[in-house]
Amino acid sequence: MEDEVFEQIMYVINQLILWIAAGAMVFGGVVPYIPQYRDIRRTQNAEGFSTYVCMVLLVANILRILFRFGRYFETPLLWQSIIMIATMLIMLNLCTNVRVAAELNTKRRSFTATDSKEEEIKVAKKVFLDFEWSHFWWWSRFVDYLLCVLCFTLLAAYVTYLLLESSLYVETLGFMAVFTEAMLGTPQLYCNYQNKSTEGMSIKMVLMWTSGDTFKTGYFLLTQAPVQFWTCGLLQVGVDVAILFQVYYYSRYPQKPVSHTVSLNTSAKAL
């Protein structure tokens with residue numbers, strides 16, 4: 001009798017732990033972006049945050065959702081992808097609005113300096129449908145990002161529909177999904193390198209990245225997720241550690257400041 005009660009208690013505890021772990025997987029991924037979102041709204045400056053981080057996560061999670069049609073994985077990971085996509089779109093919307101407002105303010109200051117009341121204040125529009133590679137992922141309207149994401153999703157879904165019976169394609173799709181996510185920190189790593197500074201980047205966000213990616217990799221191992229998941233999880237932790245090293249290095253050895261405008265435009269063209 002006592003053994004049965006003990007087994008029931010252990011079963012309840014085990015289920016509780018699984019529910020907590022699943023909840024952490026679903027919502028834990030978006031938590032690091034809360035302090036970054038608040039910092040951007042408070043300062044009205046998005047220069048320290050690379051929007052290519054959003055692009056990487058959007059691509060990775062769209063591919064992961066498509067991968068599930070070919071090979072089943074835990075449902076919490078599916079919900080994590082859906083919530084992450086919504087979060088990245090929210091971040092993109094904020095960054096786009098802040099950047100356009102900053103460009104408009106710059107134009108207004110220039111306009112005031114000229115003291116010409118007949119001249120209109122205009123900001124050069126960068127639109128997705130112009131298909132200018134130099135402006136890729138650097139558009140002036142949030143709707144252009146939505147169009148790009150929609151086009152990518154439809155194209156990837158169509159290819160997946162055609163090749164869903166191919167195990168080679170499905171496994172490659174899964175690898176591309178998690179490998180792309182593993183490269184999440186590289187745009188921020190490059191942005192910091194270009195700026196020779198980590199100013200404007202939320203250190204809390206990177207610390208949460210590191211702790212979250214470590215937890216996520218352990219979750220993949222414990223739940224026996226496909227090998228692509230935990231292998232790329234280890235790579236992701238390595239990139240997080242590299243960014244933390246940048247924080248230490250640039251604070252300990254300050255570099256010659258580089259204009260944010262120049263560095264970010266160079267980053268957009270290089271990537």
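- Looking only at distances, no side-chain donor or acceptor of S166 sits under 3.5 Å from a matching main-chain atom of L163.
- When the side chains of ILVMFWY residues are joined at heavy-atom separations under 4.5 Å, either directly or via intervening members, L207 and V241 end up in two distinct hydrophobic clusters.
- Smallest separation of non-hydrogen atoms from K196 and Y250: O-CD2, 3.6 Å.
- Considering all non-hydrogen atoms of both residues, L63 and A156 come closest at CD2-CB, 4.4 Å.
- Atom CG of L92 is separated from atom CG of L58 by 6.0 Å, given to the nearest 0.5 angstrom.
- What you find for L244 and T210 is that their closest heavy atoms are CD1-OG1, 3.6 Å.
- Centroid-to-centroid, the aromatic rings of F136 and W139 come within less than 6.0 Å.
- In this structure, L150 CG and L154 CG are separated by 4.5 Å, a value rounded to the nearest 0.5 Å.
- To the nearest 0.5 Å, atom CG of residue L189 and atom CG of residue D240 are 10.0 Å apart.
- Remark: T87 OG1 to Q80 CD distance equals 10.0 Å, nearest 0.5 Å.
- Listed here is the closest heavy atom pair of V149 and T153: O-OG1, 2.8 Å.
- Using a 4.5 Å cut-off between side-chain heavy atoms of Ile, Leu, Val, Met, Phe, Trp and Tyr, with links allowed through other members, V206 and L57 fall into the same hydrophobic cluster.
- Side-chain contact between I40 and C95 is present, with at least one heavy-atom pair separated by less than 4.5 Å.
- For the residue pair R38 and T43, no side-chain donor N or O sits within less than 3.5 Å of a side-chain acceptor on the partner.
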Discussion item. Run the side chain to side chain contact (heavy atoms under 4.5 Å, CB included) test on T75 and R68 for me, step by step, so that the C-alpha distance in whole Å, both residues' side-chain angles and the decisive distance to 0.1 Å come before the verdict.
Written reply: CA-CA 9 Å; T75 302; R68 197 173 191 266; 3.2 Å; yes

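- Side chain to side chain, Y169 and T160 meet the donor-acceptor criterion of an N or O pair below 3.5 Å.
- In this structure, Y193 places its OH atom where only 12 or fewer heavy-atom neighbours from other residues, nucleotides or ligands lie under 6.0 Å away.
- Rounding to the nearest 0.5 angstrom, the gap separating the OG1 atom in T51 from the CE atom in M91 is 10.0 Å.
- Looking at N192 and Q188, their side chains do bring a donor and an acceptor atom within 3.5 Å of each other.
- Side-chain heavy atoms closer than 4.5 Å link hydrophobic residues (I, L, V, M, F, W, Y) into clusters, and following such links, even through other members, never connects I34 to F49.
- A donor-acceptor pair under 3.5 Å links the side-chain atoms of Q44 to the main chain of R41, judged by distance alone.
- Using bins of under 30°, 30° to 60° and over 60° for the plane-to-plane angle, the ring pair F179/F175 lands in the parallel bin.
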Discussion item. Walk me through whether M88 and Y33 qualify under side chain to side chain contact (heavy atoms under 4.5 Å, CB included).
Written reply: CA-CA 9 Å; M88 289 303 100; Y33 299 97; 3.8 Å; yes

Fill in: Candidate pair L66 and L173, rule side chain to side chain contact (heavy atoms under 4.5 Å, CB included), full reasoning
CA-CA 8 Å; L66 294 175; L173 181 65; 4.0 Å; yes

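- Side-chain atoms of T198 and Y249, non-hydrogen and from C-beta on, never get closer than 4.5 Å to each other.
- Shortest non-hydrogen contact noted between W137 and Y145 is O-OH, 3.5 Å.
- Put simply, CE on M84 and CD1 on I65 are 11.5 Å apart, with the number rounded to the nearest 0.5 Å.
- Both V53 and I90 are part of a single hydrophobic cluster, where members link through side-chain heavy atoms under 4.5 Å apart.
- The two atoms that bring S81 and R64 nearest to each other are OG-CD, 3.0 Å, heavy atoms only.
- In this structure, N97 contributes its side chain and N93 its backbone to a donor-acceptor pair below 3.5 Å.
- A continuous path of ILVMFWY side-chain contacts below 4.5 Å connects L234 to L77, so both sit in one hydrophobic cluster.
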